[in-house]
Q: 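Before anything else, here's the structure in question.
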Protein chains: 2
Amino acid sequence: MVRNFPEPEIFTLNCPTQQVLDIIGNKWSVIVLYCLAYGSKRYTQIQRRIEGISQKVLTQTLRNLERNGLIERIANIQSSTGIEYSLTTLGESLIEPLLEISDWSRANFEEVSTARDLYDANN
Amino acid sequence: MVRNFPEPEIFTLNCPTQQVLDIIGNKWSVIVLYCLAYGSKRYTQIQRRIEGISQKVLTQTLRNLERNGLIERIANIQSSTGIEYSLTTLGESLIEPLLEISDWSRANFEEVSTARDLYDANN
DNA sequence: CCGAATCCCCTACGATACTG
DNA sequence: CAGTATCGTAGGGGATTCGG
């Protein structure tokens, strides 16, 4: 029991929390958001930065984040090749909560890892 | 640009953050953790509480959370039907960060929703 | 440089039925 | 009560190829 929950609606289908989890609850969305939190970037910069992401999935992920208002796709007018992705104000406001998850992950990864090893050894 | 990142390792494959995201980045894990944050519960209590989850997926989700040390499965000795699930200390420490996501979701859901509607209308 | 278009695989998820 | 077993589908994800 951690604190009082103001929202029992959290267990109802398609409540705000579940919808947001659907947006960021895939393999790459959070990583892409982190990546853009350093500042706006071009497509290939993102791809080079994130190890292991394929072109198709990067495009899908960017579109989905753009669709939900978390990032912006800005075509630079002077240069023909100038397409930049950046966080919106909305997306930026989500970074802080997400960093809490990342902080927790680095702090508690050892414990998770040993729990997993122990479980796998016994089952 | 939100704050300085102490961890560029976040973009490397299977770093702590990505591994944790793999654990909780599915449809029901976070909801189940929320559910147990209210206190320990039996299997059917959880199932009744969470709208739309199937037996199979609930079992899978519980096993996975148990495997990674976030919840505990306790078989009560006196009663044959007494199996309780509860957060471990580790799992409890993850609730607070997760609640930040939930808070954000409720606070910013309107904006996400309208962004999505606007995008869908234009594409 | 920034993708779009295919093809294909695998797994998550769901529905249903059955069990100690 | 607390699951297992089985089947079927949708879509997430990857490799490759092509286009503006």
Side-chain angles (χ1 to χ4, degrees), chain A residues 11-14 18-33 35-36 40-68 71-86 119 123, chain B residues 11-14 18-33 35-36 40-68 71-86 119-120 122-123:
Chain A
F11 303 112
T12 70
L13 231 40
N14 295 324
Q18 292 196 21
Q19 292 204 34
V20 169
L21 289 175
D22 278 346
I23 300 171
I24 63 175
N26 54 55
K27 194 167 181 181
W28 297 109
S29 287
V30 173
I31 312 293
V32 169
L33 288 175
C35 185
L36 291 177
S40 62
K41 284 196 177 50
R42 319 254 297 255
Y43 185 90
T44 25
Q45 287 183 299
I46 304 174
Q47 197 188 6
R48 271 195 297 265
R49 190 69 204 276
I50 301 179
E51 193 179 340
I53 193 169
S54 72
Q55 284 189 342
K56 176 191 170 185
V57 173
L58 176 54
T59 301
Q60 279 180 355
T61 304
L62 289 170
R63 288 291 169 279
N64 190 45
L65 293 175
E66 184 191 2
R67 173 173 185 254
N68 290 285
I71 69 174
E72 249 171 348
R73 185 177 182 276
I74 300 171
N76 199 339
I77 311 184
Q78 334 2 4
S79 163
S80 64
T81 66
I83 297 181
E84 293 234 330
Y85 293 93
S86 64
Y119 184 94
N123 296 280
Chain B
F11 303 112
T12 70
L13 230 41
N14 295 324
Q18 292 196 22
Q19 292 204 35
V20 170
L21 288 175
D22 278 347
I23 300 171
I24 62 174
N26 54 55
K27 193 166 180 179
W28 297 108
S29 286
V30 173
I31 311 293
V32 169
L33 288 175
C35 186
L36 291 176
S40 63
K41 285 196 176 49
R42 321 254 297 252
Y43 185 90
T44 25
Q45 288 183 298
I46 303 174
Q47 196 188 4
R48 271 194 298 265
R49 189 69 204 276
I50 301 179
E51 193 181 339
I53 194 170
S54 73
Q55 284 189 342
K56 176 191 170 185
V57 173
L58 176 54
T59 301
Q60 279 180 355
T61 303
L62 289 169
R63 288 291 171 278
N64 190 46
L65 293 174
E66 184 191 1
R67 175 173 183 254
N68 291 285
I71 69 173
E72 248 172 349
R73 183 179 184 277
I74 300 170
N76 200 339
I77 311 183
Q78 324 20 352
S79 163
S80 63
T81 65
I83 296 182
E84 293 234 328
Y85 291 94
S86 64
Y119 183 94
D120 290 346
N122 296 338
N123 298 279

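Source: prediction; values computed, not measured. Just so it is clear: chains get the letters A, B, ... in the order the sequence lines come, proteins before strands, and each one is counted from 1.
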Q: Check the distance between C:dG3's C1' and A:Y85's OH and give it to me in whole angstrom.
A: 8 Å
Q: Within the 4.5 Å heavy-atom criterion, are A:Y43 and A:L58 side-chain neighbours or not?
A: yes
Q: Can you confirm whether A:R63 sits close enough to B:Y119 that some side-chain heavy atom of one is under 4.5 Å from a side-chain heavy atom of the other?
A: yes
Q: Please report how far the helix from C:dC1-D:dG20 to C:dG20-D:dC1 bends, comparing the axis fitted to its first five pairs with the axis fitted to its last five, to the nearest 10 degrees.
A: 50°
Q: Could you measure the distance from the CD1 atom of B:I24 to the CG atom of A:L21? Nearest 0.5 Å is fine.
A: 8.5 Å
Q: If you measure from CG on B:N26 to CG on A:D22, what distance do you get to the nearest 0.5 Å?
A: 10.5 Å
Q: Find out whether A:I23 and A:S29 are in side-chain contact, i.e. whether some heavy atom of one side chain is under 4.5 Å from a heavy atom of the other.
A: no
Q: Measure the distance from CG on A:N64 to C1' on C:dG3 and round it to the nearest whole Å.
A: 17 Å
Q: Just how far, in rounded Å, is C1' of C:dC2 from CD1 of A:I46?
A: 11 Å
Q: Provide, to the nearest angstrom, the distance between the CD1 atom belonging to A:I83 and the P atom belonging to C:dC2.
A: 7 Å
Q: Distance check needed: D:dG12 P versus A:I31 CD1, whole Å only.
A: 18 Å
Q: Mind checking the CG-OG1 spacing from A:L65 to A:T61? Nearest 0.5 Å is all I need.
A: 6.5 Å
Q: Quick one: is D:dC1 close enough that its OP1 or OP2 comes under 4.0 Å of any side-chain N or O from B:R42?
A: no
Q: Find the distance B:I74:CD1 to D:dA2:C1' and express it as a whole number of Å.
A: 16 Å
Q: When every nucleotide of nucleotides 4-20 of chain C is labelled 5' to 3' by its protein contacts under 4.0 Å (heavy atoms), B for base, S for sugar-phosphate only, - for none, what sequence of letters results?
A: B-BB-----BBB-B---
Q: Could you tell me how far apart B:L62 (CG) and D:dC1 (C1') are, to the nearest whole angstrom?
A: 14 Å
Q: Tell me: CD of B:Q45 to C1' of D:dG3, nearest whole Å?
A: 16 Å
Q: Return yes if some donor-acceptor pair links the side-chain N/O of A:E66 with the main-chain N/O of A:I71 below 3.5 Å, else return no.
A: no
Q: With a 4.5 Å cut-off on side-chain heavy atoms, are B:I31 and A:Q18 touching?
A: yes
Q: What pair of heavy atoms forms the shortest contact from A:C35 to A:K41, and how long is it?
A: O-NZ, 3.3 Å
